[in-house]
Amino acid sequence: MTVTDSNLPHGRDSLTEDLRWRGLIQDSTGLDELRDLLDGGSATFYVGFDPTAPSLHVGHLMQVTTARRLQLAGHRPLLLVGGATGQIGDPKESAERTLNPPEVVASWVQRIRDQLAPFVSYTGENAAQLVNNLDWTGQMSVVEFLRDVGKHFPVNKMLAREVVKARLETGISFTEFSYQLLQANDFFELHRRHGCQLQYGGSDQWGNITAGVDYVRRRGAGPVEAFTTPLVTRSDGTKFGKTEGGAVWLDPEMTSPYAFYQFWVNADDRDVTRYLRYFSFRSREEIEALEKEAAERPAARAAQRALAEELTTLVHGEREMAQAVAASQALFGRGSLEELTPETLRAALTEAGLVHLDELPDVAGLLKESGLVPSMKEARRVIAEGGAYVNNIRVTEVDAVVAPEDLLHGRYLVLRRGKRSFAGVELRK
């Protein structure tokens, strides 16, 4: 769903309190100052994304949806893609980053710019704008950088950053050490060029963000404000945005819309209410109703399904969301497999476990090859007891075979054992 002028509300009286209720403000330069800025008129703000991969992932979704939330409240977004900072790399506590070639970073910049486009509106009085910090950083000489920027940064303050202290024993390059200066200069340049008054980012960016606030003030500009959003975590201790298959990307070529939908549907009951507040654009009343239902009827997973449908629509569009829902239902016999597109069906079967065969054995052999049963003996027993399904049709004959016309889209089969264990077969052509 793309933001349009028609759905930008005019009321902003409770934006700051809504952000606080949702848990979206962890640190700030001052709540009173933030309230004056966000609730007092239309402000220009920025949030940055470094191109360290060819796509954003769900870990970025907090910043993307917050930008959308602020614009819907009447504020003007500057979405910065770091063509310069992406070539440097924000320091990690573990080790030095691997620097990507400039041409690779440039290609990722364009992909991420395109990916951000559907989340905000580029028309109207508070039209969003995409900016690239390479436009001003790339033109600056080393002497200019040291005189105009570096002069304002006490080294003792830079050394006090937790991530820098963690790296002092193992070593940190001047390249990564200087990252803070580049990000701080971004705030100054956006303030000078676009009247930017506010920066926000993840809580791990607080040191860089406050350095930017301080730098803008040292240069005699401002006033400017800032806040951070909390680190999104999982109650079970695993990293948010990761699955067994790796990161959950926003690019449909890297993570299918079906897998994206399933990520949210499978959210832990202990986490889903926080995710609703962080990511959903439903009203407080609607979210509290879903929270109540999740507490009273957790097995229904109403909160997870509501969040999955909303975010899949936002990121991938209504058609892909509908296909993801249809696939979820059809795989368990509650919908038509024939109505699924080949792309959605393959994505769903890949998530379940897709085996590739050059020829099709009988149904018992398919059950064994797919991993649904450990042996042919067990396969025949499952079939005889009525627990085997091919394309949601129960198979009861132990020597049953699949006809070519049974293949979905001419190449796929959906196998199921019992109610919830299923796998896929793809016939190689």
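All residue numbers in this chain count up from 1 along the given sequence.
With Tyr389 as the aromatic partner, Arg416 meets the cation-pi criteria of under 6.0 angstrom to the ring centre and within 45 degrees of the ring axis. Both tests hold for Arg420 against Phe332: distance to the six-membered ring centre under 6.0 Å, angle to the ring axis within 45°.
Annotation: side chain of Leu70 is not in contact with side chain of Val47 (no heavy-atom distance under 4.5 Å). Side chains of Val131 and Tyr46 form no contact here, defined as non-hydrogen atoms less than 4.5 Å apart. By the 4.5 Å heavy-atom criterion applied to side chains, Tyr258 and Leu331 are counted as neighbours. In this structure the side chain of Thr344 reaches within 4.5 angstrom of the side chain of Glu320, judged on heavy atoms. Annotation: side chain of Gln26 is not in contact with side chain of Trp206 (no heavy-atom distance under 4.5 Å). The shortest side-chain heavy-atom distance between Met62 and Leu24 falls under the 4.5 Å cut-off.
Using bins of under 30°, 30° to 60° and over 60° for the plane-to-plane angle, the ring pair His57/His60 lands in the tilted bin.
Side-chain N/O atoms of Thr238 and Asp236 include a donor and acceptor closer than 3.5 Å.
A donor-acceptor contact shorter than 3.5 Å is absent between the side chain of Asp269 and the backbone of Ala294. Remark: the backbone N or O of Thr341 is paired with a side-chain donor or acceptor of Gln323 at under 3.5 angstrom. Not a single donor-acceptor pair under 3.5 Å links the side chain of Gln180 to the backbone N or O of Met158. Formation of a donor-acceptor pair under 3.5 Å by the Arg417 side chain with backbone atoms of Leu367 is not found in this model. Between the Thr255 side chain and the Trp249 main chain, a donor and an acceptor come within less than 3.5 Å of each other.
Within a 6.0 Å sphere centred on CD of Glu339, heavy atoms belonging to other residues, nucleotides or ligands number 12 at most. By the 6.0 Å contact criterion, CZ on Arg334 is enclosed, its count of non-hydrogen atoms from other residues, nucleotides or ligands being greater than 12. Within a 6.0 Å sphere centred on CZ of Arg192, other residues, nucleotides and ligands contribute more than 12 heavy atoms. Crowding of Glu253 atom CD: a count of heavy atoms from other residues, nucleotides or ligands under 6.0 Å not exceeding 12. Within 6.0 Å of CZ in Arg218 there are more than 12 heavy atoms belonging to other residues, nucleotides or ligands.
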Given the rule in the side-chain contact (heavy atoms from CB on, under 4.5 Å) test, do Asn208 and Tyr179 qualify, once you have shown the distances and angles that lead to the verdict? CA-CA 8 Å; Asn208 289 338; Tyr179 182 95; 3.8 Å; yes

Take Phe263 and Tyr275, measure what ring pair (Phe, Tyr, Trp, His ring centres under 6.0 Å) needs, and give me the verdict at the end. CA-CA 12 Å; Phe263 172 78; Tyr275 296 169; 7.5 Å; no

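Considering CG of Leu38 and CZ of Phe227, their distance stands at 6.5 Å, rounded to 0.5 Å. One distance of note links CG of Leu276 with CD of Gln304; it measures 8.0 Å at 0.5 Å rounding. Note that the CZ atom of Phe188 and the CG atom of Leu190 stand 11.0 Å from one another [nearest 0.5 Å]. The CG atom of Leu19 sits 4.5 Å away from the CG atom of Leu15 when rounded to the nearest 0.5 Å. Glu17 CD to Arg35 CZ: the interatomic distance, rounded to the nearest 0.5 Å, is 5.0 Å. Note: Ile112 CD1 to Gln110 CD = 10.5 Å, rounded to the nearest 0.5 Å.
Taking a cutoff of 4.0 Å between a charged side-chain nitrogen and a carboxylate oxygen, Arg217 and Asp214 do not qualify as a salt bridge.
Annotation: ring-ring contact (aromatic ring centres under 6.0 Å, His included) contacts of His152 (sequence neighbours excluded): Tyr215. Residues passing the side chain to side chain donor-acceptor pair (under 3.5 Å) test with Lys165 are Glu162, sequence neighbours excluded. For Asn266, the side-chain contact (heavy atoms from CB on, under 4.5 Å) criterion is met by Gln262, not counting sequence neighbours.
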